[in-house]
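What you see is a predicted model, and the numbers here were worked out from it, not measured in a lab.
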Number of protein chains: 2
Amino acid sequence: MSTPLLEILKRHQLSVTDSRKKILELFQHSNGALAHADIEKKTGELFDRVTIYRTLQTFVDKGIIHTIPTADNSVLYALCKDECTQGHHHDNHVHFICDTCNMTYCLDHVTSPQVSLPNGFQEKRTDVVISGICNLCN
Amino acid sequence: MSTPLLEILKRHQLSVTDSRKKILELFQHSNGALAHADIEKKTGELFDRVTIYRTLQTFVDKGIIHTIPTADNSVLYALCKDECTQGHHHDNHVHFICDTCNMTYCLDHVTSPQVSLPNGFQEKRTDVVISGICNLCN
DNA sequence: GTAACTGCAAAATATTTGCATCCTT
DNA sequence: AAGGATGCAAATATTTTGCAGTTAC
């Protein structure tokens, strides 16, 4: 199903460490997005808080995960599809946040719509975040 | 042009104080969104940092301003259109963030597109954030 | 062996809360 | 006069940085 951990890390020229393996695994086994706090909770005392921050940042830089915009303050991360290359994310899919279970999904098969902008505005990237009720809570 | 300050505050049953007048005025004179830090900078030493936090929260609660989702950690606020009522925002317009000048615009006249979701997902609210180059920087 | 990664400590930043005082109505 | 808003102090939470020790390759 999902690409082996080691292959992903190696493809991005990252050395294979416990924290990277574990955190990447968490993303693969979660069908939604994760926040720093989620990861901290799920890894227990395994890694330092700082290591988690740095690992997430590294993954973002390398194009392994991407951040998801949220209206409140929180920062969420989710796996990129395989086509993401370093420094160039192609995550133009729709994100869905369930108001009930609070889960955040990447709807990989729903692509962002084309929006026509006023004169002079030039689109480079479109993020769509839809909230409502997910299929499990419905 | 814009609704008088006092009228807006009174309509939402808020007492008229210096900080509320000043902060609301800032939003009216800005054609973009503002962050807590922007407001702090523009008001100088006039008000306490905490007062700004509380004033912004009050405005959000009352439906005078709304937050804008951003992929990084920052929280941005912008004026709601007049139809917003307490606890019920109707800000279904598109937001635009300029990569060059870093300004955030509410494109009030560009409404969020309808997105068709997978079975079982029910939309309640759609946020669209487009980044690129704005009309002034273009 | 070397460069990169981690843990720990601490700094920097951001946000929230309690309470006494002041201001709006 | 009474309730709400503010300022200040301090608690809490979040993120970043420096550095020494450890690990991957």
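- Heavy-atom distances to DNA chain D give each of Val16(A) and Ser19(B) a nearest nucleotide, and the one nearer the 5′ end belongs to Ser19(B).
- Remark: Lys21(A) does not engage Glu25(A) in a salt bridge, criterion side-chain N to carboxylate O under 4.0 Å.
- Leu9(B) comes within contact range of no nucleotide atom at all, as no heavy-atom separation falls under 4.0 Å.
- The closest side-chain heavy-atom distance from Phe59(A) to Ile23(A) is below 4.5 Å.
- Distance CD (Gln13(B)) to P (dA5(D)): 12 Å, rounded to an integer number of Å.
- When the P atom of dC5(C) is taken as reference, atom CD1 of Ile52(A) falls 17 Å away, rounded to whole Å.
- Taking atom CZ of residue Phe47(B) and atom C1' of nucleotide dC22(C), one finds them 15 Å apart after rounding to whole Å.
- Side-chain nitrogen and oxygen atoms of Ser15(A) include none within less than 4.0 Å of the OP1 or OP2 phosphate oxygen of dA4(C).
- Map Val50(A) and Ala37(B) each onto its nearest nucleotide of DNA chain C; the residue landing nearer the 5' end is Val50(A).
- Between Arg20(A) and dC5(C) there is a side-chain N or O to OP1 or OP2 distance below 4.0 Å.
- For the pair Tyr53(B) OH and dA11(D) P, the computed distance is 18 Å after rounding to whole Å.
- Picking from dT6(C), dT6(D), dT15(D) the nucleotide with the shortest atom distance to the side chain of Thr55(A) gives dT6(C).
- Checked by distance alone, Arg54(A) brings a side-chain donor or acceptor within 3.5 Å of a matching partner on the base of dG7(C).
- At a threshold of 4.0 angstrom between heavy atoms, the contacts of Leu46(A) are confined to the sugar-phosphate backbone, with no base atom among them.
- The distance from atom NE2 of His12(A) to atom C1' of dC25(D) is 19 Å, rounded to the nearest whole Å.
- Summarising the geometry, the separation between CG on Asp48(B) and P on dC22(C) is reported as 15 Å, rounded to the nearest angstrom.
- Phosphate proximity of dC5(C) to Thr51(A): absent, as no side-chain N or O sits under 4.0 Å from OP1 or OP2.
- Between the NZ atom of Lys22(A) and the P atom of dT23(D) there is a distance of 20 Å, rounded to whole Å.
- In this entry the distance linking CZ of Arg49(B) with P of dA14(C) reads 7 Å, nearest Å.
- Counting heavy atoms from C-beta on, the side chains of His93(A) and Ser112(A) never come closer than 4.5 Å.
- The aromatic rings of His36(A) and Tyr53(A) lie parallel to each other, with less than 30° between the two planes, well short of the 60° mark.
- Residues Val129(B) and Thr70(B) fail the side-chain proximity criterion, which asks for heavy atoms closer than 4.5 Å.
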